[in-house]
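One structure below.
Everything quoted here is computed from the prediction, not taken from an experiment. Just the heavy atoms: all of them, side chains too, but no hydrogens, waters or symmetry mates, feed the values below.
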Amino acid sequence: HQAAVICSSAGAGSGEFHVYRHLRRREYQRQDFMDAMAEKQRLDEEFQKKLERNKMIAEEQTAKRRRKRCMLWINAVIVCLHLSAEKSGCGN
């Protein structure tokens, strides 16, 4: 009964190393691509959140200005009514 001989000549031939190297390089490229896509997706999500936040801030400011304009208009109407009432003597 003879023991199996394991040495550098056992296993893949020297030509197989180039195939392995090519496969390894392709796998690294695939992993790099997947990492880049994940980073791009993360940045896109951050950008969308920032856009949404900016939109909400702009809408709040617009609503605040609208309320202010409305109050100014209401105050102007009240003043006009008050002045017209004084001229006509309805207030006394």
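In this structure, Glu39 pairs ionically with Arg42, as a charged nitrogen and a carboxylate oxygen lie closer than 4.0 Å.
No side-chain heavy atom of Leu72 sits less than 4.5 Å from a side-chain heavy atom of Arg69. With a 4.5 Å cut-off on side-chain heavy atoms, Lys64 and Arg67 count as touching.
We find the CD-CZ distance between Glu60 and Arg65 to be 12.0 Å, quoted to the nearest 0.5 Å.
Between Ser84 and Leu81, the shortest heavy-atom contact is OG-O, 3.0 Å.
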Output side-chain donor-acceptor pairs under 3.5 Å for residues 20-28, partner residues at least two apart or in another chain, one line each.
{"from": "Arg21", "atom 1": "NH2", "to": "His18", "atom 2": "ND1", "distance (Å)": "3.1"}
{"from": "His22", "atom 1": "ND1", "to": "Arg25", "atom 2": "NH2", "distance (Å)": "2.7"}
{"from": "Glu27", "atom 1": "OE1", "to": "Arg30", "atom 2": "NE", "distance (Å)": "3.1"}
{"from": "Glu27", "atom 1": "OE2", "to": "Arg30", "atom 2": "NH2", "distance (Å)": "2.9"}
{"from": "Glu27", "atom 1": "OE2", "to": "Gln31", "atom 2": "NE2", "distance (Å)": "3.1"}

Practice item. Kindly indicate, with the supporting measurements, whether the criterion side-chain contact (heavy atoms from CB on, under 4.5 Å) is fulfilled by Gln41 and Asp44. Key: CA-CA 5 Å; Gln41 184 176 3; Asp44 286 346; 5.6 Å; no
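Residues that satisfy the side-chain contact (heavy atoms from CB on, under 4.5 Å) test with Lys50, not counting sequence neighbours, are Arg53, Asn54.
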